[in-house]
**Q** 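Encoded as C-alpha cells, here's the structure I'll be asking about.
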Amino acid sequence: MKIATWNVNSLNARWPRVEEFLTTRDVDVVLLQETKQRDDKFPSDALQELGYSSAHFGFNQWNGVAILSRVGLSEVVRGFGDREDEEARCIAATCDGVRVMSCYVPNGRAVDNPHYAYKLEWLETLRLRVAAHPKDVPLVVGGDFNVAPEDIDCYDPSAFVGATHVTEPERTALRAVTDEGLTDIFRHLYPDDVQYTWWDYRNGSFRRGWGLRIDLLLCSPHVTNRATAAWVDRDARKGEKPSDHAPVIVEFSL
DNA sequence: ATGTCCCAACTTTTGGGA
C-alpha cells in the first residue's frame, strides 16, 4: 500500500499536476492540503474517473483538505468540531482498514503573531485526537505540519533564528503528537538523510536547495513496522506550474 | 532577505496569505 501527502497550493491551479501524479505514481491513498476550494467546487467526478473516491473539507479560498483513495473510503470525519470558527484543516477517513488524517497545520506567520499561539493550540487539539484513537487500528496522520522537526530538516538554521517553523515550542508541540505513539516515517527509515518537502517560490529557493522538511507522514506501529520505503517526489516540484511543496510517499505491506 | 504564486473582488490592480 502506498500513501502520499501533498500540499497542492490550490487544487484548481494544480489540477494538471495532480492528474499527472495520480496517473503515474501508482499511489493508493492521497492526503491533500490547501485545496483552496469550497466543497461544491471539489472535482470528485473527475477524480472518480481516475479511479479515486474522495472526501473534501473546505469553506472558501483558504485552507481546504481532502482524502483520495482507490482502496475504499469510509467513516469520513470533517474537522475537529472543537470551535465555532473552525477552519478547514483536518479530515479523516478509513481506507482499507487504515485510518488516515489529512492535516494542514496553521502557518503561525510570526512568533509574536496571534496565529502562532493558534498553531500551538491546533497541534494540541491534534494530539488529543491522536490520543483518543483506538490503538488497534492502524493510523497515518499526514500533512503539512509547518514545523521542521529538527535542524537537519532546515537548509540553514541560522537563517531561521527568530522565525516560525523551527522554534522549540513548535517542535515540542509536534513531538507531543508523535509521543502519542506515532513515528515520523521518513526520519525513522533514513535517520541522516537531508531531504526537503517545501521550497519558497521566491528567490529561486528550489534551485538553490533552500528548503524545509515540513510535510510529514506520522505512522502508528502497525504501519511503521511494515514500512518498506518512504520518499519525497521532488520531480513534482519541477516543471510547469508546480506547487511549492513536493509530495511525500510511504510504502508498506498490509 | 524576499527575486513568486494563488485567490477574491465594488476585478483589469490591489491586498492578504503563504
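All heavy atoms count here, side chains included; hydrogens, waters and symmetry mates do not. Below, read A as the first sequence line, B as the second, and so on, with proteins coming before strands; counting in each chain starts at 1.
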**Q** For A:Arg175, is there an ion pair with A:Glu168 - N to carboxylate O distance below 4.0 angstrom?
**A**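 Salt bridge flag = yes for A:Arg175 with A:Glu168.
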
**Q** May I have the distance from A:Phe145 (atom CZ) to B:dA18 (atom C1'), rounded to whole angstrom?
**A**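 Roughly 18 Å, once rounded to whole Å.
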
**Q** Considering only atom P, compute the distance from B:dC6 to B:dT11 and round it to an integer number of Å.
**A**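 Taking atom P in both B:dC6 and B:dT11, they lie 22 Å apart.
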
**Q** Find the distance A:Arg89:CZ to B:dG17:P and express it as a whole number of Å.
**A**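 Nearest whole value for this atom pair: 11 Å.
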
**Q** Taking B:dG17 as the reference, what is the distance to B:dT2 when you measure between their C1' atoms (whole Å, please)?
**A**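 Result for the C1' pair: 15 Å, nearest Å.
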
**Q** Between atom CZ in A:Phe59 and atom P in B:dA8, what is the gap in whole Å?
**A**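 These atoms are roughly 16 Å apart.
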
**Q** On DNA chain B, does the nearest nucleotide to A:Asn63 precede the nearest nucleotide to A:Arg207 from the 5' side, or the other way round? Give the residue.
**A**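 The residue mapped nearer the 5' terminus is A:Arg207.
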
**Q** Does a side-chain N-to-carboxylate-O contact under 4.0 Å join A:Asp244 and A:Arg202?
**A**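 Salt bridge between A:Asp244 and A:Arg202, a charged N being under 4.0 Å from a carboxylate O: no.
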
**Q** A:Tyr52 and A:Arg70: which non-hydrogen atoms are nearest, and at how many Å?
**A**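 Heavy atoms of A:Tyr52 and A:Arg70 come nearest at CD2-N, 3.7 Å.
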
**Q** Encode nucleotides 9-15 of chain B as B, S and - characters from 5' to 3', where the letter depends on protein heavy atoms closer than 4.0 Å: B to the base, S only to sugar-phosphate, - to neither.
**A** -------

**Q** Atom NZ of A:Lys36 to atom P of B:dA18: distance rounded to whole Å?
**A**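 Taking NZ of A:Lys36 and P of B:dA18, I get 9 Å after rounding.
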
**Q** Should we count NZ of A:Lys135 as having more than 12 external heavy atoms under 6.0 Å?
**A**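 Count over threshold, so yes.
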
**Q** Flag the pair A:Asp184 / A:His188 as yes when at least one side-chain heavy-atom distance between them is below 4.5 Å, and no otherwise.
**A**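 Of all side-chain heavy-atom pairs linking A:His188 with A:Asp184, none is under 4.5 Å.
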
**Q** If the C1' atom of B:dC5 is compared with that of B:dC10, how far apart are they to the nearest Å?
**A**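 Those two atoms are separated by 25 Å.
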
**Q** Do A:Ser53 and A:Gln48 have side-chain heavy atoms sitting under 4.5 Å apart?
**A**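 With C-beta onward as the side chain, the pair touches.
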
**Q** side-chain hydrogen bond (donor to acceptor under 3.5 Å, both in side chains), that's the test. Do A:Arg226 and A:Ser253 meet it? Break it down for me.
**A** CA-CA 6 Å; A:Arg226 291 165 177 76; A:Ser253 52; 5.7 Å; no

**Q** When the distance from OH of A:Tyr155 to P of B:dT2 is rounded to whole Å, what number comes out?
**A**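 Between P of B:dT2 and OH of A:Tyr155: 13 Å.
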
**Q** Have A:Asn9 and A:Lys36 got a donor and an acceptor in their side chains that come within less than 3.5 Å?
**A**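 Yes, because at least one side-chain N or O of A:Asn9 sits under 3.5 Å from a partner of the opposite role on A:Lys36.
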
**Q** Using a strict cut-off of less than 4.0 Å between a Lys/Arg side-chain nitrogen and an Asp/Glu carboxylate oxygen, indicate whether A:Arg187 and A:Asp153 qualify as a salt bridge.
**A**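 Here A:Arg187 pairs with A:Asp153 in a salt bridge, since their nearest N and O are under 4.0 Å apart.
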
**Q** What is the distance, rounded to the nearest whole Å, between atom CG of A:Asn60 and atom P of B:dC6?
**A**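 Distance, rounded to whole Å: 18 Å.
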
**Q** What interatomic distance, in whole Å, is found between C1' of B:dT12 and the corresponding atom of B:dC7?
**A**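 Nearest-Å result for B:dC7 against B:dT12 at atom C1': 15 Å.
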
**Q** Quick one: A:Asp200 CG to B:dG17 P, roughly how many Å, whole number?
**A**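 A:Asp200 atom CG is separated from B:dG17 atom P by 17 Å.
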
**Q** Send over the distance from A:Gln33 CD to B:dA18 P, rounded to a whole Å.
**A**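 In whole Å, B:dA18 P lies 14 Å from A:Gln33 CD.
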
**Q** Are A:Arg171 and A:Asp151 ion-paired here, with the side-chain N under 4.0 Å from a carboxylate O?
**A**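 The answer is yes: the pair qualifies as a salt bridge.
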
**Q** Side chain of A:Arg208 only, heavy atoms from C-beta on: which candidate in B:dG17, B:dG3, B:dA18 is closest?
**A**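 When the side chain of A:Arg208 is considered, B:dG3 is the closest of B:dG17, B:dG3, B:dA18.
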
**Q** For DNA chain B, determine which residues of residues 101-120 of chain A have any heavy atom closer than 4.0 angstrom to one of its atoms, and list them numerically.
**A**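 Result for residues 101-120 of chain A: A:Tyr104, A:Asn107, A:Arg109, A:His115, sorted by number.
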
**Q** Between A:Asn7 and A:Glu34, is the side-chain hydrogen bond (donor to acceptor under 3.5 Å, both in side chains) condition met? List the steps.
**A** CA-CA 6 Å; A:Asn7 180 324; A:Glu34 283 209 88; 3.1 Å; yes

**Q** Kindly give the heavy-atom pair with the smallest separation between A:Tyr116 and A:Val111, and that separation in Å.
**A**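 So the two residues come closest at CD2-O, 3.5 Å.
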
**Q** Where along residues 7-20 of chain A does a heavy atom come under 4.0 Å from DNA chain B, residue by residue in number order?
**A**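 Those residues whose heavy atoms fall under 4.0 Å from DNA chain B, taken from residues 7-20 of chain A in numerical order, are A:Asn9, A:Ser10, A:Asn12, A:Ala13, A:Arg14.
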
